[in-house]
Asker: 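This structure is in C-alpha cells; I'll ask about it shortly.
Positions are given from 1 along the sequence.
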Amino acid sequence: MKFLLVAINAKYIHSNPAIYSLRAYVGKELEKFVELAEYTINQQIQDILADIYQKKPRVLGFSCYIWNWKLIQELLMELPKVLPETEIWLGGPEVTFDAENILQDYPQLSGVIVGEGEKTFKELLQCYVNGEGTDYKNRIAEVAGLCLPSGYTKPRELTDLTEVPFLYQNLAPFENKIIYYESSRGCPYRCSYCLSSIDKKVRLRNLDVVKKELQFFLDHQVKQVKFVDRTFNCDHHHAMEIWKYILEHDNGVTNFHFEISADILREEEIELLNRFRPGLAQLEIGVQSTNEQTIKAINRVMNVERLERIVAAIRKGNNIHQHLDLIAGLPYEDYESFGKSFNRVYAMKPDQLQLGFLKVLKGSEMEQRAEEFGICYGELPPYEVLYTKWLSYDDVLFLKKIEEMVELYYNSNQYSHVLPFLERAFESPFAMFEQLAKYYEQQGFFLKSPARAYRYQVLLQFALEFDQSNAEVYKELLTYDLYLRENVKSRPDFCKDLTTEAYRSFASAFYQQEEKQRFYLPDYQEYHWKQLWKMTHLELFNYPVWSPEKISEEGGLEEPVAILFDYKSRNPLNYEARTVILK
C-alpha cells in the first residue's frame, strides 16, 4: 500500500512543509506507507502525469493552493484514465472552504481533508493500511475532518503544534531550497482578505522545542529559515525568546525571515533587533494601506504614525532588511488614495516595497462581502481583483505597470543613489514611477524589456526628459550605482573615459602604493598591484554621489574625489561593494 502525497510548488527553490508535516506526524510504523513527490508549476503536465503513474500509488493526495490549483484540476481529468484504481484526495487552503462544490465537480475524488491535516491524515492512512479487503470506506466515514461525497464528517479539533514532529531531520531533500519553519499557528487579527483570520486561536510551539530545532538549523549552517507564522510577534514573550536565542547563537551565516505586525513592537524588542548582526534577520511588514477608512473596512488594527516611528527605529540600526507590503484593490482605496498610501510607505524607506493586488480567497470575509464592495475578480486562481467601486480596470492595469517599475528600479537595489536625486524632479515618488511607467509604454519596453545592463541607460534617458540641467549629476550617480553592484569591464557610454593618460597614471600610482602599504585593501595581501587593479575599481567623481542629499544646485565639488570599490567586502543587506573615499 502506497499513499503518495504530491506538492506542486511555484518555484524549484520552494518546498512544501505541509506534506512533510503529514508524513512526519503519522509516526515510524506508518511512515513507510507514505511517499512524497514535489514538482513545480513550470513543469509540463504530461511529465508530472507520467511520473505519478510510474510511482503506481494505491492512494494519491494533492496539497492545493491558488498557485497550483489549475494544474491539479487538469491532472484530475487525466489521472483516472491511467490510474483507474487509485483513490484521490485533496487538502489545503484552496479546497478546504469549497469542498462540497469541488466533490460535485470532480466525482472521481474520494474526498477532501478539511483544515489542519496532521491528525486527519494519520487516521485516514490507518484506514487504508488496516482495511485492505474490508469495509475501510465505512471506517473512513468515521474519521473527523473530512468532506466526503456523502457529506462532512464531524469537525476536527485544532492540533497541538508541539505534537507535530520536526520536519527536517534529513536536510538532503531541501538542498538549495528555502527552509520553512512554523513556531505558531493561527492569528489574533481579523483581516478580511486573509484565511488566517478564520482561525483566531493562536497556538504556540513549546519554546524549548523551538530552540532545539533552531539550533539544528544553526549547526547545519542553513542559509535561510523562513518562519511561516502569520504574525510572529503577536505573543511578546514568544517572539523575544526566539529573537534572543538566534542573537546569542548566531553562526554568522543563517538568516531568519519573520512576518510581523510592526506597530505592536515594544521598545525592548526594537532594542534587541538593533543588536542583530547585519543579515541575521529580515522583517516582512504588511501595511496594505494607510487610508484609515480602508484599514477599518478590512478589520485591521494599525496605528500608521506608530508604524512609521517603529520602521524608522529599526532602520536606524542599519542591520535588518525591511520588506513592506501594499495591496491595491481594497475597499475605499481609489487610485489617488493608493498613490498617497504608496508615498507614505515609500517615505519609510523600506529595503523592498511590494505592490500586491487583492486576491479574493475562498472562505475569506472579503469573498462574502465582494458584492457589497463592488469587487470584481477573476474566476480562476489567483482570484485577483479586476476592478472595484473605487478602482477601475484601467487603473488596475496601469498600477501593474507601476508595480513592474518599482520591481525593476527600486526593489532591485541597483539604483539606490540615483532614485533619491531623481525624485526631486517630480511632485512625489509615486508620480515619478507613474511617469517612468508611461515612458516604458511610449518606448515599447513593456513588450521588449531592456537587458539589465541597459536599464541604466534607459533611466538616464528618462531622467534627462524631466531634468536636463542635471545631466552630469545623473551620469555620475548611475556610474556610482553601477559599480556598487559589479566591477563591470564594458562601461556604458555615459561613464567617463578611463583610457586617458591622466587616469591611468593616477590609478597605477595608487595601486602600486597600495601593494607596498596595504592601507585600503588589507584583505588582498597575496595579490600584486596589477591584480588589485583588476579585482577592485577606482573612479573619480565631481559630485558627492555617495550622499545624493548633499548634491546642491550650486554645482559640484571643488576637486574630483576618488572612490575605491572593494568587491571582496559587501554589505550583507543590499550586497553593495564596500566603498572608500580616498584622502
Side-chain angles (χ1 to χ4, degrees), residues 176 218 221-224 250-255 275-282 317-321 351 412-418 452-453 455-456 475-548 550 556-583:
N176 300 319
L218 292 163
Q221 297 199 333
V222 169
K223 187 175 180 181
Q224 185 182 59
D250 180 20
N251 61 9
V253 175
T254 305
N255 165 269
R275 290 161 51 198
F276 280 18
R277 161 183 61 84
L280 174 58
Q282 58 190 59
N318 197 30
N319 64 331
I320 289 179
H321 175 103
D351 298 283
S412 66
N413 289 312
Q414 293 172 8
Y415 310 89
S416 56
H417 293 76
V418 68
R452 183 175 62 85
R455 287 184 205 131
Y456 291 86
K475 290 176 183 178
E476 289 207 353
L477 284 164
L478 285 163
T479 300
Y480 186 72
D481 278 339
L482 179 63
Y483 278 96
L484 279 174
R485 304 297 299 183
E486 57 184 312
N487 189 7
V488 295
K489 301 306 179 186
S490 179
R491 288 165 65 86
D493 292 340
F494 59 77
C495 294
K496 294 188 181 75
D497 181 8
L498 297 189
T499 64
T500 63
E501 184 60 33
Y503 172 81
R504 296 192 67 80
S505 176
F506 168 75
S508 61
F510 167 77
Y511 284 113
Q512 287 180 56
Q513 183 67 23
E514 188 61 21
E515 182 181 41
K516 297 174 184 177
Q517 293 186 339
R518 308 287 176 176
F519 181 76
Y520 294 104
L521 298 169
D523 295 335
Y524 294 74
Q525 293 289 339
E526 67 270 34
Y527 301 105
H528 59 69
W529 71 273
K530 289 185 178 180
Q531 290 173 312
L532 294 179
W533 196 343
K534 288 182 179 180
M535 297 173 70
T536 64
H537 180 68
L538 195 62
E539 186 86 30
L540 292 167
F541 293 98
N542 295 308
Y543 297 90
V545 290
W546 53 92
S547 298
K550 295 180 180 178
L557 300 165
E558 292 183 5
E559 295 182 0
V561 169
I563 301 288
L564 177 67
F565 295 82
D566 174 11
Y567 300 100
K568 215 173 188 183
S569 177
R570 291 182 178 270
N571 185 322
L573 294 185
N574 55 25
Y575 205 59
E576 289 180 351
R578 180 178 74 98
T579 57
V580 182
I581 300 176
L582 302 187
K583 304 299 183 183

Asker: Decide whether Thr579 and Tyr483 meet the rule of one side-chain donor and one side-chain acceptor closer than 3.5 Å.
Answerer: no
Asker: For a 4.5 angstrom cut-off between non-hydrogen side-chain atoms, does Val545 reach His417?
Answerer: no
Asker: Indicate the atoms forming the closest heavy-atom contact of Thr499 with Arg504, along with that distance.
Answerer: O-CD, 4.0 Å
Asker: Going through the distances and angles, do Arg578 and Leu521 end up as a side-chain contact (heavy atoms from CB on, under 4.5 Å)?
Answerer: CA-CA 11 Å; Arg578 180 178 74 98; Leu521 298 169; 4.0 Å; yes
Asker: Verify the distance criterion only: is there a donor paired with an acceptor across the side chains of Glu539 and Thr479 at less than 3.5 Å?
Answerer: no
Asker: At what distance, to the nearest 0.5 angstrom, does CZ of Arg452 lie from OG of Ser412?
Answerer: 9.0 Å
Asker: Check whether any side-chain heavy atom of Glu514 lies under 4.5 Å from a side-chain heavy atom of Leu538, and answer yes or no.
Answerer: no
Asker: Quick one: pull up OG in Ser416 and CG in Asn571 and give me the separation to the nearest 0.5 Å.
Answerer: 10.0 Å
Asker: Could you tell me whether a side-chain N or O of Asp481 sits under 3.5 Å from a main-chain N or O of Val418, the two making a donor and an acceptor?
Answerer: yes
Asker: Between Asp351 and Ile320, which heavy-atom pair has the shortest distance, and what is it?
Answerer: OD2-O, 3.6 Å
Asker: With a 4.0 Å cut-off on N to O distance, would you call Glu515 and Lys530 a salt bridge?
Answerer: no
Asker: Check Tyr567, Tyr511, Tyr520 against Thr536 for a side-chain hydrogen bond (donor to acceptor under 3.5 Å, both in side chains) and give me the one that passes.
Answerer: Tyr511
Asker: Show the nearest heavy-atom pair for residues Val561 and Leu557, with the distance to one decimal.
Answerer: CG2-CD1, 3.6 Å
Asker: Taking atom CD of Gln525 as the centre, does the number of heavy atoms from other residues, nucleotides or ligands within less than 6.0 Å exceed 12?
Answerer: yes
Asker: Are Asp566 and Tyr524 linked by a side-chain donor-acceptor pair shorter than 3.5 Å?
Answerer: yes
Asker: So which atom in Asn251 and which in Leu218 form the shortest heavy-atom distance, rounded to 0.1 Å?
Answerer: ND2-O, 2.9 Å
Asker: Specify the closest pair of heavy atoms between Tyr503 and Leu498, including all atoms of both residues, with the distance to one decimal.
Answerer: CD2-O, 3.2 Å
Asker: Quick one: does any side-chain atom of Thr254 pair with a main-chain N or O of Val222 as donor and acceptor, under 3.5 Å?
Answerer: yes
Asker: With side-chain contact (heavy atoms from CB on, under 4.5 Å) as the test, would you mind laying out the steps for Tyr527 and Trp533 before giving the verdict?
Answerer: CA-CA 10 Å; Tyr527 301 105; Trp533 196 343; over 6 Å; no
Asker: Does the pair Lys568/Asp523 count as a salt bridge with the N-to-O cut at 4.0 Å?
Answerer: no
Asker: Working to the nearest 0.5 angstrom, can you tell me the gap between Arg275 CZ and Asn319 CG?
Answerer: 11.5 Å
Asker: Any side-chain heavy atom of Lys475 sitting closer than 4.5 Å to one from Asn542?
Answerer: no
Asker: Tell me if the CG atom of Asp493 is crowded by more than 12 foreign heavy atoms within 6.0 Å.
Answerer: no
Asker: Hey, does Asn413 have a side-chain heavy atom less than 4.5 Å from the side chain of Arg485?
Answerer: yes
Asker: When you measure from the side chain of Asn487 to the backbone of His537, do you find a donor-acceptor pair of N or O atoms at a distance under 3.5 Å?
Answerer: no
Asker: Does a donor on one side chain and an acceptor on the other come within less than 3.5 Å for Asn255 and Gln224?
Answerer: yes
Asker: Looking at every heavy atom in both Leu540 and Lys496, which two are closest together, and how far apart are they?
Answerer: O-NZ, 3.2 Å
Asker: So Leu484 and Tyr575, do their side chains get closer than 4.5 Å, heavy atoms only?
Answerer: no
Asker: Taking the side chain as every heavy atom from C-beta outward, state whether Leu482 and Pro492 have any atom pair closer than 4.5 Å.
Answerer: yes
Asker: Counting only heavy atoms from other residues, nucleotides and ligands, does the tally under 6.0 Å from NZ of Lys489 exceed 12?
Answerer: yes
Asker: Roughly how far apart are Gln414 CD and Glu576 CD, rounded to 0.5 Å?
Answerer: 10.5 Å
Asker: What is the distance from atom CZ of Phe494 to atom CG of Leu477, rounded to the nearest 0.5 Å?
Answerer: 10.5 Å
Asker: Do the two ring centres, one from Phe519 and one from Phe510, sit under 6.0 Å apart?
Answerer: no
